[in-house]
2 protein chains.
Amino acid sequence: MELNERKLKILEAIISNYLDTAEPVGSRTISKNYDLGISPATIRNEMSDLEELGFIMQPHTSAGRIPSDKGYRLYVDMILSAKYDSPKHLSYVEALLSKAGRIETLLQDIVAVLAKETNLTAIVSTPQYSKCKIKNIQLIELESQKVLAVIVTDGNMANNYVLEINEDMDQPMLNKLSFILNNQLHGLDVEEINLPLIEKIKAFAGNQDEIIGKVLEVVFQAVHNNEDTQIYTSGAINMLRLPEFSDLEKATSIMETLDKKDYIRQLLLNDFDGESIVTDGVNIKIGSENNNENMKDCSLITTTYHIGGKPLGVIGLIGPKRMDYQSAIFSLKCLIKEIEKRMNDS
Amino acid sequence: MELNERKLKILEAIISNYLDTAEPVGSRTISKNYDLGISPATIRNEMSDLEELGFIMQPHTSAGRIPSDKGYRLYVDMILSAKYDSPKHLSYVEALLSKAGRIETLLQDIVAVLAKETNLTAIVSTPQYSKCKIKNIQLIELESQKVLAVIVTDGNMANNYVLEINEDMDQPMLNKLSFILNNQLHGLDVEEINLPLIEKIKAFAGNQDEIIGKVLEVVFQAVHNNEDTQIYTSGAINMLRLPEFSDLEKATSIMETLDKKDYIRQLLLNDFDGESIVTDGVNIKIGSENNNENMKDCSLITTTYHIGGKPLGVIGLIGPKRMDYQSAIFSLKCLIKEIEKRMNDS
DNA sequence: TGTTAGCACTCCACACAAATGAGTGCTAAC
DNA sequence: GTTAGCACTCATTTGTGTGGAGTGCTAACA
């Protein structure tokens, strides 16, 4: 059996109607509301075929049809392959973002805006720290035997670490050490800090090798402990208002899932390994494609953002499978443009 | 009518039973399960009196009784005035906290632990920045015409600000400026940075007065823009599992409330103005005492933590009115002890 | 005078049946 | 190939009855 023109039109009508109403769509509804010029009976025959082809399904015998994951996939692929409006410039976003100095604050603001605009759950990972270039390291005196290390990388990401050391240091001394550290590390990727390098740099520090070693070990460990990327989310409660989660059990379950940062991290960073298909920069996983029971009613839209030409972070949206993909993708594209502009404007 | 010994015992029995079951408590239950040596009929008479006195109420004519806010208040006041076990030392908490260097991370870990331990929603405000003493200011070179200002205060709180300036600066120059800033500001409260002081310090900086002014103005504005305190929460989803929120409408409403950081901030920081009664350091607001429709089914337990002897932040728990106050208060006290130890260990 | 057993009454919660209605598949006619 | 008509299915809604938990009141009792 072929998926001819008419079948496709009916499928589109079903999906479009279902996106609006969250109710199974019957033949009569389509005949009335979509100008296809065929009667409900004919539509019923075609629907029967579409079901056999796996694009739609019936919740129960005497109900209308809802799209299957395969149906959504076809629909989404059509959207992705269509020509887009180029992302429009969002001046209010720019205004918002121009206030934020630090990248963490920036990203938190971004997800808040994105969640508000789409009414979905927005998620973002901070740039993969290990792949960032070191811009500057500065040691700051805190108190007796405590020092703050500030490490600034690409995109002006600043990470702070409190170090305990065995002797007192004043700021001029720390400035000298900072100078040594910068000389050795400036321009390196964070992940290039490894044990041999640490030993080598300690040699330069003479009798101040303890503190130098501490700084580098802390960074080394942070990178290897998956404190590498933080996850920020916003708008999880948007899910509670959706009819698909009107059952408390389901609502609780999705909220718990969205609350698990480690799980979300893994979901987001799939984008980085070879498994998933990236189309036009935007990657969509529908329901069961997420390979996870908790996400089977949800879709995930992700895209990467680049710093210095490298894809270092992922930003995405989680919503019901029944979300408005078109506008979600569009919002995401517009925002990513603003982000990258801000992050690379040097 | 008097609240005699027997009435009080019955009230305690009602509350205790209701805390366990979340079901209205009947006279027969009390007669059977609590060894008061009186019959259901007598208890009914007493309950009728307790209702007239406003300590309990009936959801409907033929139901058992539930505590009113006034009843809870009496019960909580009894708990608060009773002698406590002194907070026990939680070695696992100490282990957890010893890892965290920055106060923000520390506080985030704290609320996570607290929420997990109590199964409630834990909230904390970061120390009131404006009241903190400045320990150190350091300027760090970022890129052409961009500088990172790191300001460290009491409790080793580090705040980072990205500044745009009109000329290039190298790190040695920035170190000199940092030195000037430290000389002028070390030991001052953040809120003491005001416009006259800024002018005064700019004079010291000679032709570098632009950047010095920028730093101080950014701090000045941050303090006056209520970016003063951040709020961290954890465990909001714990509320979803409670019978009092088994209605989706209520569940959604409470989740939305807990999601509003500004609202929670205001709720927490009430502790700082004269309005609320602080008993033994722990402050409890029950249901309608919170003066807010969304919180009418919840209680809030708060306490302040001190840095350098000053109360600079608030940590608290939000749960149903029917929560286990005794153990919630205890958990809070234990944790606050660990926090203050960590923050003041210099 | 306080306590208690007995009883009528109230009202929620739950189960079950009936009615409703949206939607289908099939058949026969066009 | 298309469509009207019809019997059938099944989730949802509505109505009804029953059980049970709990009360308040009254009268008897210590």
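Computed from heavy atoms alone, side chains included, the values below leave out hydrogens, waters and symmetry copies. Chain naming here is simple, since letters A, B, ... match the order of the sequence lines and numbering starts at 1 in each.
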- Whole angstrom is fine here: how far is it from CG in B/Asn17 over to C1' in D/dG22? 14 Å

- Would you call A/Glu12 and A/Lys9 a salt bridge, using N to O less than 4.0 angstrom? no

- Test: A/Arg44 and A/Glu51 ion pair at under 4.0 Å: no

- Message: Expressed as a whole number of angstroms, how long is the span from B/Ile10:CD1 to C/dG2:C1'?
- Response: 13 Å

- Item | Shortest side-chain distance from B/Arg6, nucleotide among C/dT4, D/dT2, C/dT3 | C/dT3

- Message: From CD1 of B/Ile38 over to P of C/dT4, roughly how many Å is that when rounded to an integer?
- Response: 7 Å

- Would you call the rings of A/Tyr18 and A/Tyr72 parallel, tilted or perpendicular if under 30° counts as parallel and over 60° as perpendicular? tilted

- Paired with D/dT26: which nucleotide, if any, by Watson-Crick or G-U wobble criteria at under 3.5 Å for both distances? C/dA5

- Message: Expressed as a whole number of angstroms, how long is the span from B/Lys7:NZ to C/dT3:C1'?
- Response: 13 Å

- Checking N1-N3 plus N6-O4 or O6-N4 for Watson-Crick, or N1-O2 and O6-N3 for wobble, each under 3.5 Å, the partner of C/dC30 is D/dG1

- Do NZ/NE/NH1/NH2 and the carboxylate oxygens of A/Lys70 and A/Glu289 come within less than 4.0 Å? no

- Using a strict 4.0 Å threshold on nitrogen-to-oxygen distance, state whether B/Glu244 and B/Lys250 make a salt bridge. no

- Heavy atoms under 4.0 Å is the rule here; annotate nucleotides 11-25 of chain C 5' to 3' with B where the base is hit, S where only the sugar-phosphate is, and - elsewhere. BS---------BSBB

- Salt bridge or not for B/Asp69 and B/Arg73, using N-O below 4.0 Å? no

